[in-house]
Protein chains: 2
Amino acid sequence: MRKGEETRNRILDVAEAAVLQKGFGGTSIEELIVETGITKSGFFYHFKDKNELAKALLNRYIENDERIYDEIFSRARDLMDDPLQSFLLGLKLLSELLADLPNGHPGCLVATVCYYERLFDREIQETNKNAVLAWRRRFGRMFREIMAVYTPREPVDVDQLADMVSSVLEGGIVLSKTLKEPNTLAEQVLMLRTFVRMLFLPAVESPLAAVRHDQLHGMAGSGQP
Amino acid sequence: MRKGEETRNRILDVAEAAVLQKGFGGTSIEELIVETGITKSGFFYHFKDKNELAKALLNRYIENDERIYDEIFSRARDLMDDPLQSFLLGLKLLSELLADLPNGHPGCLVATVCYYERLFDREIQETNKNAVLAWRRRFGRMFREIMAVYTPREPVDVDQLADMVSSVLEGGIVLSKTLKEPNTLAEQVLMLRTFVRMLFLPAVESPLAAVRHDQLHGMAGSGQP
DNA sequence: TCCCTCCTGTACCCGCGGTACAGTTTTCAG
DNA sequence: CTGAAAACTGTACCGCGGGTACAGGAGGGA
């Protein structure tokens, strides 16, 4: 019972790394069992086919992803009471986390599935769609809190603004992976941060705003020591 | 000679659509020859293996991609003399073009290759990397022209700003495809436009700026009739 | 006429996904 | 300690798809 879970997770670990590098079609079950140190029969004991492996992989990935966002933004919420400052800090923390990944971001399974859609069943595509919608709700909620306090400089749709966060992350991953420049993703997140800050913070004029600006600029610079 | 080129292009057309839907690993040569109405031998006459197909596919895709950007932004350049206004118009034209795609954006081959890297040779990965660098140079050049006239409200790195365009496009495609919402990609491009406008245009105060604001807002709404 | 391009047809190899099923070891509850 | 369920191993087999090898044929231009 306990042992089974552990083996299953080991398979998922190996499979996730392989799938993010080579896609689902490019990952053979053969190589998974070799690297996991299990037999073919053992593999099919845990997953009845590749589709079920994909399902488990995606669900685990999404859960983990959500957990990370929960942690980062709740930590930011604890440190800053203002919703805008808290969100900006969250983006800063996120960019630092991404910059600290030793080999860069390994890739997003949601994107992998997106570019593989036709080979999986409706359920997986639905799961994937829901993951993106969850991002939209998550960041949308944050932007609504911000907008309860701040008026955006330009009229923007909250959902579209929330999607912008997901876009920059997904796109930044693609750029970072393709260029093999781990920093690019972190920089893009900071660029997004600049966007959000500009959108909600008034033109730098008041002493308070000036202080805030220096403070944030200083933080942004401390990303890559 | 002429006939061979035509068949080759037909194969590439079929292959591109299939690969964007199912990835390289998920696309069988069998289905390509069936849909193209050619035999297996015929296929291997044109491409000695799948890697060479991928190479041809990617090169063709990138050329076409570059051509589209050339057209859009040179058209915008003809209509507007100011580099900023020209760039903003270009983004508007791009978002309209994307919104008019009947089934939404089919996907970007650069991203497909990025999520499939390990299965191709160095050359393809290099080509892919160069495509992203070309985007960086293209948009970087535009932003440099803009910065020769306008001072950004916040200090930004030109390359990172240029990458932001690529990020939002790549990320927007992933979101759009996953959600099966064709509009999402176009909206993200307009969101990026808002970012660029805010970054370079002074706070709305002058009558000119006010007019411009209304005008742009009206245009943004006309995207999906 | 001859050669070159552009294919078709046939036959075959192998790796991989997947099935089937019998047997073995490990784990843990009673 | 025992027994049953869980967690595997081993073996054998199927079909599909990528890829190779090669022989040959249609059509067109020099």
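Side-chain atoms are counted along with the backbone in the values below, which use heavy atoms only and exclude waters and symmetry mates. Letters A, B, ... are given to chains in the order of the sequence lines, protein chains preceding strands, and every chain is numbered from 1.
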- Between A:F195 and B:F195, is the gap from one ring center to the other below 6.0 Å? yes
- Item | Gap between atoms CZ and C1', on A:F24 and C:dG18 respectively (whole Å) | 18 Å
- Query: With ring centroids as reference points, do B:F143 and B:F139 lie under 6.0 angstrom apart?
  - Reply: no
- Query: Looking only at N and O atoms, is any donor in the side chain of B:K40 or the base of D:dG19 less than 3.5 Å from an acceptor on the other one?
  - Reply: yes
- Query: Can you say whether the rings of B:F87 and B:F73 are parallel (under 30°), tilted (30 to 60°) or perpendicular (over 60°)?
  - Reply: parallel
- Do any side-chain nitrogens or oxygens of A:T7 fall under 4.0 Å of OP1 or OP2 in D:dC8? yes
- Query: Given atom NZ of B:K50 and atom P of D:dG18, what is their separation to the nearest angstrom?
  - Reply: 5 Å
- Query: To the nearest Å, how far apart are A:L53 CG and C:dG18 P?
  - Reply: 10 Å
- Query: At under 4.0 Å, does any side-chain N or O of A:H46 touch on OP1 or OP2 of D:dC8?
  - Reply: yes
- Task: For B:F43 and D:dT20, give me the distance from atom CZ to atom C1', rounded to whole Å.
- Result: 14 Å
- To the nearest angstrom, how far is B:E35 atom CD from D:dG17 atom P? 14 Å
- Parallel, tilted or perpendicular: which describes the rings of A:Y116 and A:F24, with under 30° parallel and over 60° perpendicular? tilted
- Item | Rounded distance (Å) that lies between atom P of D:dG19 and atom CG of B:N51 | 9 Å
- Does a distance-only test, which skips hydrogens and angles, find a donor-acceptor pair under 3.5 Å between the side chain of B:S41 and the base of C:dG9? yes
- Whole-Å distance between C:dT5 P and B:E6 CD? 18 Å
- Item | Whole angstrom value for the distance that separates C1' of C:dG17 from CD of A:E30 | 10 Å
- When you measure from the side chain of A:Y45, which nucleotide among D:dT9, D:dG18, D:dA6 comes out closest? D:dA6
